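This report concerns only the one structure given below.
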Amino acid sequence: MSRPAAPPTSPRTPWAGLGRRTERSGEPDGGPGGLGAAPVLGAAVLIGVGWGAATSGLQTVLPWPFAGLANAVGPWVAPAFLVGAWSRRPWAAVLAGVLVCFGEVAGYYAVSAARGFGVNPATVVMWTATGVLGGPVLGMAGWCWRRARPLRVAALGAALLGGVFLAEGVVTYGVYLRYTGDAVVFCVLGAVLVAVLGATASAARASGARARGVGAAAAWLLLVLPLGAAGEVLLHLVVT
C-alpha cells in the first residue's frame with residue numbers, strides 16, 4: 001500500500017512567519033518572554049517622560065562633539081525602539097512607540113518651562129506630530145529585531161534605528177549645519193548600531209548567522225538611508 005503524498009506547500013516569502021505563534025511557548029515570533037501590553041505601555045510613558053526631561057538638561061552640559069545627542073531625532077526615537085523590543089505583541093510595540101514620543105515631548109517642555117525657557121505651542125504640535133510618524137515605525141522596528149523569525153525582517157529593524165543616526169549625521173550635521181564633529185559621532189553610532197543589532201537580532205542568534213544578520217542589515221540601508229535622508233530634508237523644510 002503506497003504512502004499518501006504530502007500536501008503541497010506554498011513557497012515561503014521573507015515575511016512568512018511574522019506574528020506567528022510558536023507551538024511550545026504560544027508566544028509570537030522570537031520565543032517566550034517580553035512584557036504584556038499594560039506593562040510595556042506604562043513603561044513607555046515613564047521612559048518617554050524621563051528621557052524628555054533629561055534631554056532638556058543634557059542640552060546644556062554635554063561637551064563637544066556630543067552635544068548634538070541631546071538635540072536630535074536619533075536619540076529621541078531610540079527609546080521607542082527599546083520599548084518595542086520589550087513588547088510581546090506587535091500592536092503594543094506600535095502604540096508604545098507613540099507613547100514614548102508623546103512622553104518625551106511632555107517631559108522636555110515641562111522641564112524647559114520650569115527652567116524659565118519659553119514654550120512655543122506650534123513647536124510642541126510639530127514634535128508631537130513627528131512622534132505620531134516616527135514612534136510606530138521605531139516601535140515596530142524594535143519588535144521585529146527582537147521577535148521576527150525571518151532574518152531579513154529582523155535585520156530591517158536593526159537597519160531602521162541605525163539608519164536614523166546615519167541619515168541625521170550626513171544630512172543634518174554634515175550638509176545643513178556643517179558640524180563635522182557631530183556628523184562623525186552620529187555616523188559612527190549609526191554604523192555601530194547597524195552592525196551590533198544586525199548580529200544580535202534574535203533570528204541571527206537562533207540560526208547562528210550573526211555575520212548574515214550584519215550583512216542583511218547593511219543591505220537594508222540601501223532603502224532606509226534614502227528614506228531617512230528625505231525625512232531629514234522634510235523636517236528642515238518644516239522647521240525653517
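Since the model is a prediction, treat every value here as computed from it, not as a measurement. Residue indices begin at 1 and follow the sequence shown. The analysis underlying the following values was restricted to heavy atoms, covering all of them including side chains, and did not include hydrogens, waters or symmetry mates.
When side chains are defined from C-beta on, Y109 does not count as touching P121, because their heavy atoms never get closer than 4.5 Å. Between W51 and P75 the shortest side-chain heavy-atom distance falls below 4.5 Å.
A continuous path of Ile, Leu, Val, Met, Phe, Trp and Tyr side chains, each step under 4.5 Å between heavy atoms, connects M126 with V124, placing both in one hydrophobic cluster. The cluster map of Ile, Leu, Val, Met, Phe, Trp and Tyr, joined by side-chain heavy atoms under 4.5 Å apart, puts F165 and L223 in the same cluster. Both L95 and V45 sit in one connected hydrophobic cluster of ILVMFWY residues. Membership requires side-chain heavy atoms under 4.5 Å apart, directly or through other members. M140 and L133 are assigned to two separate hydrophobic clusters, defined by single-linkage of ILVMFWY side chains at heavy-atom distances under 4.5 Å. The hydrophobic clustering, which links ILVMFWY residues whose side-chain heavy atoms are closer than 4.5 Å, places V224 and L235 together.
Note that CG of L160 is 10.5 Å distant from CG of L197, once rounded to the nearest 0.5 Å. Within the model, atoms OG of S112 and CG of N120 stand 12.5 Å from one another, a figure rounded to the nearest 0.5 Å. Atoms SG and CH2, on C101 and W127 in that order, are 10.5 Å from each other to the nearest 0.5 Å. One distance of note links CG of L227 with CD of E232; it measures 12.0 Å at 0.5 Å rounding.
Closest approach of A203 and L151 over heavy atoms only: CB-CA, 3.9 Å. In terms of heavy-atom proximity, S87 sits nearest to W143 at O-CD1, 3.4 Å. Shortest non-hydrogen contact noted between P136 and G131 is CD-O, 3.5 Å. The minimum heavy-atom distance linking G163 with L221 is given by the pair CA-CD2, 4.1 Å. Pairing each heavy atom of R146 with each of W86, the nearest pair is NH1-CA, 4.2 Å. Annotation for A159 and V194: closest pair CA-CG2, 4.5 Å, computed over non-hydrogen atoms.
Scored by the ring pair (Phe, Tyr, Trp, His ring centres under 6.0 Å) test, F66 finds no partners at all (sequence neighbours excluded). In this structure Y108 satisfies the ring pair (Phe, Tyr, Trp, His ring centres under 6.0 Å) test with no other residue, sequence neighbours excluded. Residues that satisfy the ring pair (Phe, Tyr, Trp, His ring centres under 6.0 Å) test with F81, not counting sequence neighbours, are W145.
V98 forms part of a hydrophobic cluster together with F102, V132, judged by ILVMFWY side-chain heavy-atom separations under 4.5 Å.
When each of L58, L189, T55 is checked for a side chain to side chain contact (heavy atoms under 4.5 Å, CB included) with L69, only L189 meets the rule.
Residue pairs meeting the side chain to side chain donor-acceptor pair (under 3.5 Å) criterion with at least one partner in residues 98-107, sequence neighbours excluded, are W76-E104.
No donor-acceptor distance shorter than 3.5 angstrom exists from the side chain of S56 to the backbone of A53, with no hydrogens or angles considered.
Defined by atom type and a distance below 3.5 Å, a donor-acceptor pair is missing between the side-chain atoms of R205 and T200.
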Cut-off 3.5 Å, no hydrogens considered: what does the side-chain donor-acceptor table look like for residues 178-185, sequence neighbours left out?
unit_1, atom_1, unit_2, atom_2, d
D182, OD2, G68, N, 3.3

